[in-house]
J.: 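Quick one: structure below, then a few questions.
In what follows, every chain begins at residue 1, and chains take the letters A, B, ... in the order their sequences are listed.
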Amino acid sequence: MPTVRTRFAPSPTGYMHIGGMRTALFNWLWARHNGGQFILRIDDTDQARNQEAALGPILRAFRWLGLTWDEGPEVGGPHAPYYQSQRGELYKAAAARLEADGRAYRDYATKDEIDADRKQADREKRPYINIRRSLELSDSQKAAYAAEGRTWVLRFLVPRDQKVVLHDQIRGTVEWDAALLPDPVILRGDGTPLYNFATVIDDAGMQITHVVRAEEHLSNTPVQLLLHQALGNVLPTYAHVPYVAAPGSKEKLSKRKIEQYRNNPQFRKMFEKGDEVFPQLGLTGTTALDPVMVEYYERIGYLPAAVLNALGRIGWSLDESTEIMSLATLIENFTLDRVVKAPAGFDPDKLYSFQGHWMKELPLDEKLAGCLPYLVQAKLIIEPVPAEMRQFVEAVIVALGERLKVFSDILAAAYFFRDDYAVDEKNFEKRVRKTGVPAHLAAFRQQLASVDPFTVPALEAALQAYCEEKGEQTGTLIHALRLSTTGQPVGPGVYDCLVLLGREKSLARIDAALARV
RNA sequence: GGCCCCAUCGUCUAACCCGGUUAGGACACAGGGUUUUCAUCCCUGCAAUGCGGGUUCAAAUCCCGCUGGGGUCACCA
């Protein structure tokens, strides 16, 4: 058995699609599971755009998730270059070989001609295939075309007398009638290759053993199989995984439909989180992040472990009950035969639940390291962060406990870092501006001034003693205290809040709250 | 429309290959308990084999048809 080699071949689009990431993960997992290699190859046969900028976010996503590539951009490898735009000679040579063998032909047909043929086929309700008029051309006609500078494309001559059979690792045996396949263009008028052709050359040249890709490529497969056959290549094993669908649907998750997704009930919360967080980070306008992009989750403060776990469970399962899986568990157990055939909807709720789990597992120092950049970027603290501030942030994180689901949740505790924090007016009305409450608050405030030490147990004892003496519910004061010192109806334990704020600031905030009653 | 793929709770899935389970788990949702907030945690509940034939003692499971959903039909990838 040769070493397993898989590849992921993104086109530099300027962002990494979450569905594409899942496909990449499956490739990566299969390679790692077998101790093989994972290759990153850039499909930029069509690009005239700024490649560096468009590729950056894609590599960033792989790095963020920790999916290393053995060969590809930046790391090179024995089959370099890994950019299709730099492999032109290889394609031209292969194309020339096909042409010499009579397996490809120069097609002089114009766009209009082909369009007309297509319409005609449509009218006659028969499938369109090329009429191949160029094959009939005499040498003098060809010479005449050449003289007038007429361009041609190179088409693969589909052998129409056979059936193409694919033994797909996931879908089983799929069969096509080659007689129904149009002759694909393999070289454009300018001599550059098309995806379908370049892929075949590269998969063979880079000795890819397993082509694991999304099922939308299934219909490209017969042509690729024929091309491999014509070139005398050893066939790779194919595995077409289902595409990732929009939440709650069977439709392919697509960036073009992003505006529709805002109204998707399962997606809505994810959009809202971004709307809430990104402005605070100064990430607006041109950055245009959305939940189809991997970067969206990174920026909100999701953990790679959570995203990986969620992606690994879309269309794949380990057994009848395992849900929580680390990357190591995924590597150990991943096999293609357990990939589900039906498309699966991306489930933001489930991702959030995985996130809760992995965040809970994260050591405190890593939580701190994850949260600090958010506070800095939101200008709640300044860099370099002094040691005392780091300690303070750490204490806030401890107080937040499992309320901190994603790193950006630290921003909800902004009131620990600034005095002009937002006040929830509705709850202030309900918990503070209420008969009898201001008086109790004022009275307890006096006790607060002398509670010593200013610690959670001491504060709790003081409050309980006060309430017992006055015959008041502790909840009354707890809520009033929380609203007046943090402005929020929810948050860490109120004694934790007071201690974190410190005596001085607590008293000042209570005074301010009393003043605005 | 042609070609191709797919079909179990609202969602992600297990069981299907090698027919016999009270059709299991998780998320979400609902209710209860703990925490005088919220989050966590614990318990309980809700909830599925698209339809029709066939094979068989027995079908989610095998076969056929239908219906439904989806993908793809470029000098895009």
Side-chain angles (χ1 to χ4, degrees), chain A residues 9-13 20 43-47 84 107 111 114 118 121-122 125-129 151-155 166 168 170-172 174-177 180-182 184-196 198-199 213-222 240 242-243 245 247-252 265-266 310 313-324 337-338 340-354 356 360 400-405 409 412 427 431 464 467 473-479 481-483 486 488-494 497:
Chain A
S11 170
T13 52
D43 267 356
D44 53 355
T45 52
D46 188 40
Q47 261 54 342
Q84 292 190 323
D107 187 8
K111 182 110 178 57
I114 289 171
R118 233 186 217 107
D122 213 43
K125 293 190 193 308
R126 58 174 167 81
Y128 166 80
I129 50 172
T151 61
W152 46 269
V153 295
L154 193 69
R155 282 186 194 275
L166 166 71
D168 191 277
I170 294 169
R171 330 204 73 90
V174 185
E175 208 178 296
W176 291 268
D177 184 351
L180 265 23
L181 263 25
V185 172
I186 59 179
L187 246 37
R188 293 187 179 87
D190 65 2
T192 57
L194 270 96
Y195 161 80
N196 249 344
T199 290
R213 46 155 57 152
E215 73 169 281
E216 59 255 37
H217 287 282
L218 194 54
S219 52
N220 286 142
T221 310
H240 287 91
Y243 54 85
S249 84
K250 294 293 179 206
E251 271 180 49
K252 193 166 74 166
Q266 295 184 48
R313 276 291 287 121
I314 298 177
W316 184 80
S317 67
L318 196 170
D319 55 26
E320 69 286 344
S321 60
T322 307
E323 295 286 340
I324 300 295
D337 60 358
R338 286 196 67 84
V340 172
K341 291 181 183 175
F346 174 62
D347 187 347
D349 283 333
K350 199 125 183 183
L351 166 62
Y352 191 67
S353 140
F354 284 129
K360 190 162 40 180
L400 244 20
E402 289 176 18
R403 294 170 191 84
L404 186 90
K405 298 283 193 195
D409 283 342
N427 279 289
R431 302 297 196 182
Q464 241 139 29
C467 288
Q473 296 262 316
T474 54
T476 308
L477 223 33
I478 285 176
H479 287 123
L481 241 22
R482 176 191 303 287
L483 258 307
T486 71
Q488 296 303 308
V490 299
V494 74
C497 290

J.: From the set B:C27, B:U72, B:A77, return the single nucleotide nearest to any side-chain atom of A:Arg188.
T.: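 Minimum distance to the A:Arg188 side chain belongs to B:A77.
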
J.: Rounded off to whole Å, could you give me the CD1-to-C1' distance for the A:Ile324 and B:C12 pair?
T.: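 From A:Ile324 CD1 to B:C12 C1': 13 Å.
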
J.: Is the shortest side-chain heavy-atom distance between A:Val494 and A:Leu477 below 4.5 Å?
T.: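 No, every pair of side-chain atoms sits at 4.5 Å or beyond.
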
J.: If you measure from the C1' atom in B:U67 to the same atom in B:A58, how many Å do you get, rounded?
T.: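 Straight-line distance between the two C1' atoms is 27 Å.
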
J.: Does B:U55 have a Watson-Crick or wobble partner in any strand here, with both distances under 3.5 angstrom, and which is it?
T.: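 For B:U55, the partner nucleotide comes out as none, under the 3.5 Å rule.
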
J.: Quick one: label A:Gly401 by what it contacts on the DNA or RNA (base, sugar-phosphate, nothing), any heavy atom closer than 4.0 Å.
T.: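 Nothing, no nucleic acid heavy atom in range.
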
J.: Taking any heavy-atom pair under 4.0 Å as a contact, classify A:Arg213: base, sugar-phosphate, or nothing.
T.: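 If one applies the 4.0 Å heavy-atom cut-off, A:Arg213 turns out to touch nothing in the nucleic acid.
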
J.: Measure from the side-chain heavy atoms of A:Lys360 and tell me the nearest of B:U40, B:C75, B:C12.
T.: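 For the A:Lys360 side chain, the nearest candidate turns out to be B:U40.
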
J.: If I take atom NZ in residue A:Lys341 and atom C1' in nucleotide B:G69, what distance separates them, rounded to the nearest angstrom?
T.: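 Spelled out: NZ on A:Lys341 to C1' on B:G69 is 16 Å.
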
J.: Classify A:His217 by what it touches in the nucleic acid, base, sugar-phosphate, or nothing, heavy-atom distance under 4.0 Å.
T.: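 Counting heavy atoms under 4.0 Å across all strands, the contact made by A:His217 includes a base.
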
J.: If we take the C1' atom in both B:C66 and B:A23, what is their distance in whole Å?
T.: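 Result for the C1' pair: 25 Å, nearest Å.
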
J.: So if I apply the side-chain contact (heavy atoms from CB on, under 4.5 Å) rule between A:His240 and each of A:Lys341, A:Arg171, A:Glu216, which one comes out positive?
T.: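 Of the listed residues A:Lys341, A:Arg171, A:Glu216, the side-chain contact (heavy atoms from CB on, under 4.5 Å) partner of A:His240 is A:Arg171.
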
J.: How long is the line joining CD of A:Glu323 and C1' of B:C12, in whole Å?
T.: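 So the CD-C1' distance, A:Glu323 to B:C12, works out to 7 Å.
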
J.: If you look at every strand shown and take non-hydrogen atoms under 4.0 Å, does A:Pro492 touch a base, only sugar-phosphate, or nothing?
T.: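 Base, at least one base heavy atom under 4.0 Å.
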
J.: Between B:U22 and B:C6, how far apart are the C1' atoms? Round to whole Å, please.
T.: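 Result for the C1' pair: 30 Å, nearest Å.
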
J.: With the side chain counted from C-beta on, respond yes when A:Thr199 and A:Arg213 share a heavy-atom pair under 4.5 Å apart, and no when they do not.
T.: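 Yes, close enough: below the 4.5 Å cut-off.
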
J.: For the base of B:C5, is there a side-chain donor-acceptor partner from A:Arg171 under 3.5 Å away?
T.: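 Under the 3.5 Å cut-off, the side chain and the base do not form any donor-acceptor pair.
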
J.: If the C1' atom of B:U55 is compared with that of B:C73, how far apart are they to the nearest Å?
T.: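 That atom pair is separated by 38 Å.
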
J.: What is the pairing partner of B:G19, taking Watson-Crick or G-U wobble pairs with both distances under 3.5 Å in any strand?
T.: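 With both distances under 3.5 Å required, B:G19 matches none.
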
J.: Between B:C6, B:A39, B:A77, which nucleotide gets closest to the side-chain atoms of A:Glu402?
T.: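 My answer, after comparing the listed nucleotides, is B:A39.
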
J.: NA contact type, A:Lys405, heavy-atom cut-off 4.0 Å: base, sugar-phosphate, or nothing?
T.: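 Sugar-phosphate: the residue A:Lys405, judged by heavy atoms under 4.0 Å, touches backbone atoms but no base.
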
J.: To the closest 0.5 Å, what do you measure between OG1 (A:Thr322) and CZ (A:Arg313)?
T.: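 The CZ atom of A:Arg313 is 8.5 Å from OG1 of A:Thr322, to the nearest 0.5 Å.
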
J.: Should A:Lys350 be listed as having a side-chain N or O under 4.0 Å from OP1 or OP2 of B:G10?
T.: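 No.
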
J.: What nucleotide among B:C27, B:U72, B:C5 has an atom nearest to a side-chain atom of A:Glu216?
T.: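 Within the option list, the nearest is B:U72.
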
J.: May I ask which nucleotide in the shown strands pairs with B:G71, Watson-Crick or G-U wobble, both distances under 3.5 Å?
T.: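 When the pairing criteria are applied, B:C3 turns out to be the nucleotide that pairs with B:G71.
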
J.: Taking the C1' atom of each, how far is B:C62 from B:G45, in whole Å?
T.: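 B:C62 and B:G45 have their C1' atoms separated by 36 Å.
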
J.: Which nucleotide in the set B:C27, B:C3, B:C75 lies at the smallest distance from any side-chain heavy atom of A:Leu180?
T.: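 So the side chain of A:Leu180 is nearest to B:C3.
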
J.: Nearest whole Å is fine: how far is B:C4 P from A:Leu181 CG?
T.: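 For the pair A:Leu181 CG and B:C4 P, the rounded distance is 11 Å.
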
J.: What distance separates A:Gln473 CD from A:Ile478 CD1, expressed to the nearest 0.5 Å?
T.: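 These two atoms lie 10.0 Å from each other.
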
J.: Taking only side-chain nitrogens and oxygens of A:Ser317, does any of them come within less than 4.0 Å of OP1 or OP2 of B:A14?
T.: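 Yes, A:Ser317 has a side-chain N/O under 4.0 Å of OP1/OP2 on B:A14.
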
J.: Looking at B:U61, which nucleotide sits across from it as a Watson-Crick or G-U wobble partner, both distances under 3.5 angstrom, or is there none?
T.: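 Partner of B:U61: none found under 3.5 Å.
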
J.: Which nucleotide, B:A77, B:C5, B:C75, lies nearest any side-chain atom of A:Glu215?
T.: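 The answer is B:C5, which lies nearest to the side chain.
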
J.: Looking at every strand, decide which applies to A:Lys252 at a 4.0 Å heavy-atom threshold: base, sugar-phosphate, or nothing.
T.: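 The residue A:Lys252 makes sugar-phosphate contact but no base contact.
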
J.: CZ of A:Arg482 versus C1' of B:A39: gap in Å, rounded?
T.: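 That distance rounds to 11 Å.
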
J.: When you compare B:G65 with B:C75, how far apart are their C1' atoms, in angstrom units rounded to a whole number?
T.: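 Taking atom C1' in both B:G65 and B:C75, they lie 42 Å apart.
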
J.: Any idea which of B:G69, B:G24, B:G25 is nearest the A:Ser321 side chain?
T.: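 Among B:G69, B:G24, B:G25, the one nearest the side chain of A:Ser321 is B:G25.
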
J.: Nearest whole Å is fine: how far is B:C38 C1' from A:Leu481 CG?
T.: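 It works out to 16 Å between those atoms.
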
J.: Does A:Glu175 reach a base, just sugar-phosphate, or nothing at all? Heavy atoms under 4.0 Å.
T.: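 Sugar-phosphate: the residue A:Glu175, judged by heavy atoms under 4.0 Å, touches backbone atoms but no base.
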
J.: How is A:Arg118 classified with respect to the nucleic acid when contacts are heavy atoms under 4.0 Å: base, sugar-phosphate, or nothing?
T.: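 The answer is sugar-phosphate, as A:Arg118 gets under 4.0 Å only of primed atoms, P, OP1 or OP2.
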
J.: A:Asp168 CG to B:C6 C1': how many Å, rounded?
T.: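 Rounded to the whole Å, the gap is 13 Å.
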
J.: Report the nucleotide, chosen from B:C3, B:U13, B:A15, that has the shortest atom-to-atom distance to any side-chain atom of A:Arg313.
T.: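 Among B:C3, B:U13, B:A15, the one nearest the side chain of A:Arg313 is B:U13.
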
J.: Which whole number of Å gives the distance between the C1' atom of B:A7 and that of B:A48?
T.: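 Each nucleotide's C1' atom is 12 Å from the other's.
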
J.: Decide yes or no for A:Leu218 and A:Trp176: does some side-chain heavy atom of the first lie under 4.5 Å from some side-chain heavy atom of the second?
T.: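 Answer yes - side chains close enough.
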
J.: Give the nucleotide from the list B:C75, B:G69, B:C5 with an atom nearest to the side chain of A:Val185.
T.: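 The nucleotide sitting nearest to the side chain is B:C75.
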
J.: Determine the interatomic distance between C1' on B:C46 and the same-named atom on B:G25; round to the nearest Å.
T.: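 After rounding to an integer number of Å, I get 16 Å for this pair.
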
J.: Please determine, for the side chain of A:Gln266, which listed nucleotide (B:C12, B:A28, B:U11) has the closest atom?
T.: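 Given the options B:C12, B:A28, B:U11, the side chain of A:Gln266 is closest to B:U11.
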
J.: Go ahead and name the base partner of B:A14; Watson-Crick or wobble counts if both distances stay under 3.5 Å, otherwise write none.
T.: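 No nucleotide pairs with B:A14.
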
J.: Please give the nucleotide sitting opposite B:A30 as a Watson-Crick or G-U wobble pair, both distances under 3.5 Å, or none.
T.: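 Here B:A30 is engaged in a pair, and the nucleotide opposite it is B:U44.
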
J.: Assess whether one donor atom and one acceptor atom, taken from the side chain of A:Asn220 and the base of B:A77, lie less than 3.5 Å apart.
T.: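 In this structure, the two groups form a donor-acceptor pair.
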
J.: Got a donor-acceptor pair under 3.5 Å from the side chain of A:Arg403 to the base of B:U37?
T.: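 Yes.
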
J.: Passes side-chain contact (heavy atoms from CB on, under 4.5 Å), A:Arg188 versus A:Leu194? Steps please.
T.: CA-CA 7 Å; A:Arg188 293 187 179 87; A:Leu194 270 96; 3.5 Å; yes

J.: B:G2 P sits how many Å from A:Tyr128 OH, rounded?
T.: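 My rounded result for the distance is 19 Å.
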
J.: Heavy atoms under 4.0 Å, any strand shown: does A:Val494 hit a base, just sugar-phosphate, or nothing?
T.: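 Here A:Val494 touches no strand at all.
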
J.: Does A:Asp349 offer a backbone N or O that forms a donor-acceptor pair with the side chain of A:Ser353 under 3.5 Å?
T.: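 The answer is no, because no donor-acceptor pair under 3.5 Å joins these two groups.
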
J.: Using a 4.5 Å cut-off on heavy atoms from C-beta on, say whether the side chain of A:Phe346 contacts that of A:Gln266.
T.: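 Result no, sub-4.5 Å side-chain heavy-atom pair not found.
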
J.: Hey, does A:Gly315 reach any base, or is it just sugar-phosphate, or nothing, if we go heavy atoms under 4.0 Å?
T.: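 Answer is sugar-phosphate: A:Gly315 comes under 4.0 Å of backbone atoms only.
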
